[in-house]
Amino acid sequence: MILLTLPDGSARRFDGPVTGDELARSIGPGLAKAALAVKVDGIMRDLALPIERDAKVEIVTRTNPDALELLRHDAAHVLAEAVQELFPGTQITFGPAVDNGFYYDFARDEKFTPEDFPRIEARMKEIVDRDEAIVRETWTRDEAIGYFAAKGEAFKAEYVGTIPEDESISIYRQGKFVDLCTGPHLPSTGKLGKAFKLTKLAGAYWRADARNAQLQRIYGTAWADDKQLQAHLGQIEEAERRDHRRLGREMELFHQQDEAAGMVFWHPKGWTLFRTLEDFLRRRLERAGYLEVRTPQLVDRKLWEESGHWEKFREHMYIAENEAGLRQFVADPKERVFALKPMNCPCHVQIFNQGLKSYRDLPLRMAEFGSCHRHEPSGALHGIMRVRNFIQDDAHIFCTEDQVTAESIAFCELLHGIYRDLGFPEVAVRFADRPPVRAGADPVWDRAEAALGAAVEAAKLPHTMAPGEGAFYGPKLEFHLKDSIGRSWQCGTLQVDFVLPERLDASYVGQDGAKHRPVMLHRAILGSMERFIGVLIEHHAGKFPLWLAPVQAVVATIVSEADDHARRVKGALDDAGLRADIDLRNEKINYKVREHSLAKVPALLVVGKKEAAQGTVALRRLDGSDQEVLALDEAVTRLRNEAAAPGAS
RNA sequence: GCCGGGUUAGCUCAGGGGUAGAGCAAUCGCCUUGUAAGCGAUAGGUCGUCGGUUCAAUUCCGACACCCGGCACCA
């Protein structure tokens, strides 16, 4: 006797094991037709598999959000089937569901091109129309190796070889297509529907390792229905419209050029934005008890050797030296040479090491808007989001081991407050623990992970684990914020470091009069200023809140008779500390409104004959709402109040 | 760094072995204008760089640089 409980709380009894399909049919023929899979105690399973125990069950139909992963995974299989039919000799490898879609990695000597997509999509739709049954089979490992090897599927055979011998292997078959897969899958290809589209072609390494063969990856997006697909394609267009590289140019914020690949030329408006953000942050840091410092760009290799960077990150560092020095270095690499700093921490330890520190000096919070250079691989560069020279909102907290938890909690509060004020209320936290290659002994890592773990518990932060993703010197928290169109960006970080103070011999005199090692907390909130500004641009689609906008207001005249009044208005805005421009050009007001709207100026103060006569302004906001005529003083006061940085009062 | 695609006017893009095209922007002139594009004229290019094939290359081939999409990387 088996008791199955449905989501509405009702229960059904069966005499023996029952498949998801049978369960659905027992509820109703409509549901049976719509059923894609069944969730048994929260785990998605094939409809055809028998349910053998009492369980909470739910029939999954395509309206269920969880169905998407299933559809996408099947879309990947249908893609592989179509490709093997159209391009015989192509080897299959892996093809999972991913965010918004799926991909499949193929091995084939000839190259796919995007021109192949329409043909492949057409064949995929044919396979959907064929409505091939998708059947799960269980094979032994050796059967699977034999089958794939005989078929010339070297990658599959190799993979199956890595599975433990005694494990049985599930195989899914649809038509003539056979793939190794844990499932679950749809009952037949017809259930996939046709709301999918192939999107991208890319190289990808076999088993994600750059030392392995490179495969050809075809990406696609798949949805429950055409409406969802169209909505997604619209979202992609929206993301393109928000692209910070496009808006950066259009809004005259910055540019980049070949002669300084991966670096940023900040234009006056972009630099205004940069400084506004920096000043906002600086005030917050001061209030939170940080002391700002400034350290050299160019530091002797000796320091990087002591810190461990030279050994570990040498190839990402820029060497800089005058010619004589470089000649010496080339002749004898042991010669003295300078390197541009890739991080600020070793320099901060140098400041800490000046003079004797007492336990009374701790915690010592040392902040720097530090310019760092890192030679990022050429393929990694992306606008101002991933650059080779960037400014970190960096700080290091030197503290005792006992203070780690309290300092971590205080940092998390500071960070969340700043994100909130910058318009990012949603933050996800990841705990990254020890990586395979690391500095420091395991007992040290045990203590560091325990301390950070205690902090994250005490701060009551929901978080997920990221095993093996910590920094080489210590575990870290990563803070990911969600933007206005749902994308996630890693910005903040908090890292516990017992290693660097040791390597650079930092110490303080404790209450007991003996020398002790401080712990270092490395922390950043925005991460890279450049990257964060990129995120801000895309988050706001360039329409910054008044306090951040590089040009906050433009005074625009309708007729030249209003020029004098316009100059008075501009003067009043200047006096109020607002960043204002004036537009006296001989153009129609329609033209001016359009131009400043496209430039995303938040406030437009229009003045014509009437306003000049009455000493008023017509205030027009960027979104076109609340157009109103106000006394000059009132308009200025309103804008000034709104332009204050969040939390400034 | 790897795979694929790309680089033509300030921007968006068309073209194509025989002296290079559009729209927008720019400049000049007319228009004094009421909340998202007034009208007219003018100017603007080593077709990414270097090399090869050719009577002739911006066009075909190769190398390099950079950009785009992924992958790998991200202290």
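Because the structure is predicted, anything quoted here is derived from the model rather than measured. Letters go in sequence order (proteins before strands), and every chain restarts at 1.
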A.B. asks: Which part of the nucleic acid, if any, lies within reach of A:E315 when heavy atoms closer than 4.0 Å are counted: base, sugar-phosphate only, or nothing?
C.D. replies: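 It contacts nothing in the nucleic acid.
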A.B. asks: Look at all strands and tell whether A:E587 reaches a base, only sugar-phosphate, or nothing, counting heavy atoms closer than 4.0 Å.
C.D. replies: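 Result for A:E587 = base.
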A.B. asks: Touch check for A:F112, heavy atoms < 4.0 angstrom, all strands: base, sugar-phosphate only, or nothing?
C.D. replies: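 Since no nucleic acid heavy atom lies under 4.0 Å of A:F112, the category is nothing.
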A.B. asks: Kindly confirm or rule out a cation-pi arrangement of A:R301 over A:W304, judged by NZ or CZ under 6.0 Å from the six-membered ring centre and within 45° of its axis?
C.D. replies: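 No.
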A.B. asks: Under 4.0 Å, heavy atoms only, any strand: does A:A202 hit a base, just the sugar-phosphate, or nothing?
C.D. replies: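 If one applies the 4.0 Å heavy-atom cut-off, A:A202 turns out to touch a base.
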A.B. asks: Touch check for A:R374, heavy atoms < 4.0 angstrom, all strands: base, sugar-phosphate only, or nothing?
C.D. replies: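 If one applies the 4.0 Å heavy-atom cut-off, A:R374 turns out to touch a base.
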A.B. asks: Starting at the 5' end of RNA chain B and moving along, which residue's nearest nucleotide shows up first, A:F313 or A:L381?
C.D. replies: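 On the 5' side of the pair lies A:L381.
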A.B. asks: Just how far, in rounded Å, is P of B:G69 from CZ of A:F117?
C.D. replies: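 Computing the A:F117:CZ to B:G69:P distance gives 15 Å.
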A.B. asks: For B:A36, does OP1 or OP2 lie under 4.0 Å from any side-chain N or O of A:R620?
C.D. replies: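 True: A:R620 side-chain N/O within range (under 4.0 Å) of B:A36 OP1/OP2.
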A.B. asks: Any Lys/Arg nitrogen of A:R246 or A:E240 sitting under 4.0 Å from an Asp/Glu carboxylate oxygen of the other?
C.D. replies: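 The answer is no: the pair does not qualify as a salt bridge.
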A.B. asks: Which part of the nucleic acid, if any, lies within reach of A:A618 when heavy atoms closer than 4.0 Å are counted: base, sugar-phosphate only, or nothing?
C.D. replies: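 The answer is base, as A:A618 lies within the cut-off (heavy atoms under 4.0 Å) of a base atom.
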A.B. asks: Rounded to whole Å, how long is the line connecting atom NZ of A:K543 with atom P of B:A36?
C.D. replies: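 A:K543 atom NZ is separated from B:A36 atom P by 14 Å.
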A.B. asks: Just to be sure I understand the rule, does A:H316 reach a base, reach only the sugar-phosphate, or reach nothing, if contact means heavy atoms closer than 4.0 Å?
C.D. replies: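 Base contact.
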A.B. asks: With A:K156 as the cation and A:F94 as the aromatic partner, state whether NZ or CZ is under 6.0 Å from the six-membered ring centre and within 45° of the axis.
C.D. replies: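 Yes; both conditions hold, so A:K156 lies above the ring face of A:F94.
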A.B. asks: Which pairs of donor and acceptor atoms, one on a side chain in residues 197-206 of chain A, lie under 3.5 Å apart (sequence neighbours left out)?
C.D. replies:
unit_1 : atom_1 : unit_2 : atom_2 : d
A:T199 : OG1    : A:Y219 : O      : 3.2
A:W206 : NE1    : A:E158 : OE2    : 3.2

A.B. asks: Distance only, no hydrogens: is a donor on one side chain within 3.5 Å (strictly under) of an acceptor on the other, for A:H396 and A:H522?
C.D. replies: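 Side-chain D/A pair, A:H396 to A:H522: present.
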A.B. asks: Rounded to whole Å, please give me the gap between CG in A:L598 and P in B:G10.
C.D. replies: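 One finds 21 Å between P of B:G10 and CG of A:L598, rounded.
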A.B. asks: Classify the nucleic acid contact of A:K341 as base, sugar-phosphate or nothing, counting any heavy atom under 4.0 Å across all strands shown.
C.D. replies: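 Answer is nothing: A:K341 stays at 4.0 Å or more from every strand.
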A.B. asks: So do the side chains of A:F479 and A:C491 get within less than 4.5 Å of each other, counting heavy atoms only?
C.D. replies: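 No, every pair of side-chain atoms sits at 4.5 Å or beyond.
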A.B. asks: Looking only at atom P, what distance separates B:C61 and B:C66, rounded to whole Å?
C.D. replies: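 Here B:C61 and B:C66 have their P atoms 22 Å from each other.
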A.B. asks: Report yes if at least one side-chain N or O of A:R245 is closer than 4.0 Å to OP1 or OP2 of B:C68; otherwise report no.
C.D. replies: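 The answer is yes; a side-chain N or O of A:R245 sits under 4.0 Å from OP1 or OP2.
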A.B. asks: In whole angstrom, give me the gap between the C1' atoms of B:G62 and B:U53.
C.D. replies: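 It comes out at 11 Å once rounded to the nearest Å.
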A.B. asks: Choose from B:A72, B:G34, B:A75 the nucleotide whose nearest atom is closest to any side-chain atom of A:Y205.
C.D. replies: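 Closest nucleotide among those given: B:A72.
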A.B. asks: Nearest to the A:A204 side chain among B:C71, B:A72, B:G38, which nucleotide is it?
C.D. replies: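 Nucleotide nearest to A:A204's side chain: B:C71.
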A.B. asks: Just compare B:A72, B:C71, B:G34 and give me whichever is closest to any side-chain atom of A:I558.
C.D. replies: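 Looking only at side-chain atoms, A:I558 lies closest to B:G34.
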A.B. asks: Round to the nearest Å and state the distance from A:Q257 atom CD to B:U49 atom P.
C.D. replies: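 My rounded result for the distance is 16 Å.
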A.B. asks: Would one find a side-chain N or O of A:S560 under 4.0 angstrom from OP1 or OP2 of B:U32?
C.D. replies: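 So the side-chain polar atoms of A:S560 never come under 4.0 Å of the phosphate oxygens OP1 or OP2 of B:U32.
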A.B. asks: Using whole Å, report how far CZ of A:R249 lies from C1' of B:C24.
C.D. replies: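 Atom CZ in A:R249 sits about 13 Å away from atom C1' in B:C24.
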A.B. asks: If you only use heavy atoms from C-beta on, which nucleotide in B:A36, B:G1, B:G69 is closest to the side chain of A:K200?
C.D. replies: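 For A:K200, the side-chain atoms sit closest to B:G69.
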A.B. asks: Counting side-chain heavy atoms from C-beta on, which of B:C67, B:G69, B:A75 comes nearest to A:H382?
C.D. replies: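 My answer, after comparing the listed nucleotides, is B:G69.
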A.B. asks: Look at the side chain of A:R386 and decide which nucleotide, out of B:A36, B:C74, B:C71, has an atom nearest to it.
C.D. replies: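 From the listed options, B:C74 comes nearest.
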A.B. asks: Can you figure out which of B:G70, B:A75, B:G4 approaches the side chain of A:Q214 most closely?
C.D. replies: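 Within the option list, the nearest is B:G70.
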A.B. asks: Check whether any side-chain heavy atom of A:F87 lies under 4.5 Å from a side-chain heavy atom of A:F106, and answer yes or no.
C.D. replies: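 No, every pair of side-chain atoms sits at 4.5 Å or beyond.
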A.B. asks: Determine the interatomic distance between P on B:A57 and the same-named atom on B:G48; round to the nearest Å.
C.D. replies: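 Nearest-Å result for B:A57 against B:G48 at atom P: 15 Å.
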A.B. asks: Distance check: side-chain N/O of A:R594 vs OP1/OP2 of B:G38, anything under 4.0 Å?
C.D. replies: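 For B:G38, OP1/OP2 do not have a side-chain N/O of A:R594 under 4.0 Å.
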A.B. asks: Name the nucleic acid region contacted by A:K609, choosing base, sugar-phosphate or nothing; use a 4.0 angstrom heavy-atom cut-off, strictly under.
C.D. replies: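 Touches a base.
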A.B. asks: Will you find, in the side chains of A:T295 and A:Q350, an N or O donor that is under 3.5 Å from an N or O acceptor?
C.D. replies: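 Note: A:T295 and A:Q350 side chains miss the donor-acceptor criterion.
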A.B. asks: Among B:A75, B:A26, B:A65, find the nucleotide with the atom closest to the side chain of A:D258.
C.D. replies: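 The nucleotide sitting nearest to the side chain is B:A65.
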A.B. asks: With distance as the sole test, does A:E530 use its side chain to make a donor-acceptor pair with the main-chain N or O of A:R386 at under 3.5 Å?
C.D. replies: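 A pair under 3.5 Å: no.
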A.B. asks: Considering only the C1' atoms, how many Å lie between B:G44 and B:C28, rounded to the nearest integer?
C.D. replies: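 Result for the C1' pair: 14 Å, nearest Å.
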A.B. asks: Just compare B:A75, B:A72, B:U32 and give me whichever is closest to any side-chain atom of A:K476.
C.D. replies: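 The listed nucleotide nearest to A:K476's side chain is B:A75.
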A.B. asks: Base, sugar-phosphate, or nothing for A:Y219, non-hydrogen atoms under 4.0 angstrom?
C.D. replies: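 If one applies the 4.0 Å heavy-atom cut-off, A:Y219 turns out to touch the sugar-phosphate alone, with no base involved.
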A.B. asks: What's A:L201 touching, base or sugar-phosphate or nothing? Going by heavy atoms closer than 4.0 Å.
C.D. replies: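 Since a base atom lies under 4.0 Å of A:L201, the category is base.
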A.B. asks: Quick check on B:C73: is either OP1 or OP2 less than 4.0 Å from any side-chain nitrogen or oxygen of A:H375?
C.D. replies: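 Checking A:H375 against B:C73: no side-chain N or O falls below 4.0 Å of OP1 or OP2.
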A.B. asks: Does A:Q216 contact B:C3 through a side-chain donor or acceptor facing the base, at a distance under 3.5 Å?
C.D. replies: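 Counting by modelled atom types and ignoring angles, no donor-acceptor contact under 3.5 Å is found here.
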A.B. asks: Rounded off to whole Å, could you give me the CG-to-C1' distance for the A:D583 and B:U32 pair?
C.D. replies: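 Atom-to-atom, A:D583 to B:U32, this comes out as 14 Å.
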A.B. asks: Counting only distance, no hydrogens or angles, is the base of B:G34 paired donor-acceptor with the side chain of A:E611 under 3.5 Å?
C.D. replies: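 Side chain to base: pair present.
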A.B. asks: Can you tell me how far C1' of B:G48 sits from CD of A:Q256, to the nearest Å?
C.D. replies: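 The distance from CD of A:Q256 to C1' of B:G48 comes to 17 Å, rounded to the nearest Å.
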A.B. asks: In whole Å, I'd like the distance from the CG atom of A:L604 to the C1' atom of B:A36.
C.D. replies: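 One finds 11 Å between C1' of B:A36 and CG of A:L604, rounded.
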A.B. asks: Under 3.5 Å, is there a donor-acceptor pair between the side chain of A:Y419 and the main chain of A:I525?
C.D. replies: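 Yes, the answer is positive, given that a donor and an acceptor are paired below the 3.5 Å cut-off.
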A.B. asks: Taking the nucleotide of RNA chain B with the closest heavy atom to each, which residue, A:L215 or A:K588, is nearer the 5' end?
C.D. replies: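 On the 5' side of the pair lies A:L215.
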A.B. asks: Any salt bridge between A:E407 and A:R523, counting N to O under 4.0 Å?
C.D. replies: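 A:R523 and A:E407: not salt-bridged.
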A.B. asks: Base, sugar-phosphate, or nothing: which does A:K312 touch, judged by heavy atoms less than 4.0 Å apart?
C.D. replies: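 Since no nucleic acid heavy atom lies under 4.0 Å of A:K312, the category is nothing.
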A.B. asks: From the list B:G34, B:G4, B:C66, which nucleotide is the closest neighbour of the side chain of A:K111?
C.D. replies: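 For A:K111, the side-chain atoms sit closest to B:G4.
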A.B. asks: For RNA chain B, what string of dots and brackets results from 5' to 3' when Watson-Crick and G-U pairs need both distances under 3.5 Å, crossing pairs get [ ], and pairs with another strand get |?
C.D. replies: (((((((..((((....[..)))).(((((.......))))).....(((((..]....))))))))))))....
A.B. asks: Using the C1' atoms only, state how far B:G6 lies from B:U49, rounded to an integer number of Å.
C.D. replies: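 Roughly 16 Å separates the two C1' atoms.
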A.B. asks: If we take the P atom in both B:C74 and B:U59, what is their distance in whole Å?
C.D. replies: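 One P to the other, the span is 40 Å.
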A.B. asks: With P as the reference atom in both, quote the distance from B:C30 to B:U35 in angstrom, rounded to an integer.
C.D. replies: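 Approximately 26 Å lies between the P atom of B:C30 and that of B:U35.
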A.B. asks: Are side-chain N/O atoms of A:T557 and A:K592 paired as donor and acceptor at under 3.5 Å?
C.D. replies: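 On atom types as modelled, these side chains qualify, holding a pair under 3.5 Å.
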